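Scroll down for the structure; my scribbles are underneath it.
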Amino acid sequence: MLGLIDVGGGMRDIYGAGAIDCFIDNGIKFDICIGVSAGSANLATFLANQRDRTYRFYSDYAQRKEYMSFGNYRRIGEFFDLDYIYSVLSNDDGEDPLDCDAIFRNDAELVVVATDAKTGKPAYFTKKEIVKNDLWLLKASSSLPIANRAHTHGDCEYFDGGLSDPIPVEKAFELGCDRVVVIVPRPLAEKKHEFSSVMKPFLKDYPEIVNLMANRPRTYNSQIRLLREYEKQGKVILICPDSDKGMSLITKDKQRLDDYYKKGYNDAEKIMVKI
């Protein structure tokens with residue numbers, strides 16, 4: 001089986017949006033798609049076969065203060081308004097609905113990674129748990145500490161999936177994949193920044209999340225080394241940029257976003273023969 005992973009990365013993952021539009025244009029199919037954080041939304045749209053949809057979210061809607069802004073902290077206590085992104089815009093009566101019926105009809109499985117806020121363990125959800133007009137699992141996967149509160153669903157709270165399983169390639173193999181295409185929207189040589197102790201007071205109710213954030217550079221870098229080893233073995237096909245072109249988690253510059261989208265598209269096109 002062939003798998004696809006999109007590891008997310010905030011606004012940087014317009015690179016992944018370019019890659020999945022390239023797959024749509026070339027009729028490329030995958031058996032299992034695993035999304036982390038923003039990558040989960042990218043892959044949901046991919047399985048819905050809605051070309052350009054994720055591009056619009058990064059390039060157009062993200063310019064709106066309701067999408068992300070420091071003003072949102074005053075309004076709702078969060079930088080990213082995930083309800084605006086995944087409900088107001090994405091519901092059936094929204095400006096840009098996600099075609100959930102098309103996702104259900106697609107033979108490919110979708111796996112969304114989140115992090116249990118209390119245990120710090122990864123939580124994996126499948127498309128069976130997608131609810132039309134209640135895309136809670138995308139919100140759960142994308143709830144970045146400090147930028148967002150933990151997302152509550154039922155009796156559980158969740159944070160961003162990248163905290164507990166930032167590059168879930170082992171999960172893909174566990175689910176039966178023989179080869180996996182992995183989209184990483186930042187140069188592989190780039191190391192995660194060390195955790196700032198300034199954040200601890202904001203996460204006092206979530207000690208396991210504090211531990212994950214403190215250990216994240218080590219976790220991320222070990223998974224990068226694992227990716228490189230699997231790539232040598234021919235089990236992993238990487239799509240990643242040689243430069244991030246000054247992109248960050250919250251970049252709004254439209255020209256940079258457009259350029260990074262095109263880079264993702266072109267880099268995906270280069271590995272078509274390997275797929």
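Index from 1, following the sequence. A quick note: this is a predicted structure, and the numbers were derived from the prediction, not measured.
- Contacts classified as side chain to side chain donor-acceptor pair (under 3.5 Å) and involving residues 142-155 (residues at least two apart or in different chains) are given here: E78-N148.
- A side-chain donor-acceptor contact under 3.5 Å links D81 to the backbone of Y84.
- For the salt bridge (Lys or Arg N to Asp or Glu O under 4.0 Å) with R53, the qualifying choice from D99, D60, D96 is D96, the only one to do so.
- In this structure the side chain of K127 reaches within 4.5 angstrom of the side chain of E109, judged on heavy atoms.
- Salt bridge R64/E95: present, at least one basic N to carboxylate O contact under 4.0 Å.
- In this structure, a donor-acceptor pair under 3.5 Å is absent between the side chains of T115 and D160.
- In this structure, the side chains of F23 and L4 come closer than 4.5 Å at one or more pairs of heavy atoms.
- A side-chain contact (heavy atoms from CB on, under 4.5 Å) with V7 holds for exactly one of V169, D13, I167; it is I167.
- Between the side chain of R186 and the backbone N or O of D244 there is no donor-acceptor pair closer than 3.5 Å.
- Under the 4.5 Å side-chain heavy-atom criterion for Ile, Leu, Val, Met, Phe, Trp and Tyr, I28 and I239 are members of the same hydrophobic cluster.
- A salt bridge links D101 to K132: one of the charged nitrogens lies within less than 4.0 Å of a carboxylate oxygen.
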Quiz: residues 171-178 side-chain donor-acceptor pairs under 3.5 angstrom, not counting sequence neighbours:
residue : atom : partner : partner atom : Å
K171    : NZ   : E174    : OE2          : 3.1
D178    : OD2  : M1      : N            : 2.4

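- The existence of a salt bridge linking K263 and D259 is excluded, since no basic side-chain nitrogen approaches an acidic carboxylate oxygen closer than 4.0 Å.
- A side-chain donor from one of Y206 and E157 sits under 3.5 Å from a side-chain acceptor of the other.
- Side-chain contact annotation: N42 with Y58, donor-acceptor N/O pair under 3.5 Å present.
- Between the S141 side chain and the L137 main chain, no donor and acceptor come within less than 3.5 Å of each other.
- Salt-bridge check for K270 with D267: passed, with a basic side-chain N closer than 4.0 Å to an acidic carboxylate O.
- Two residues are said to be in side-chain contact when any heavy atoms from C-beta on lie closer than 4.5 Å; C22 and M272 meet this criterion.
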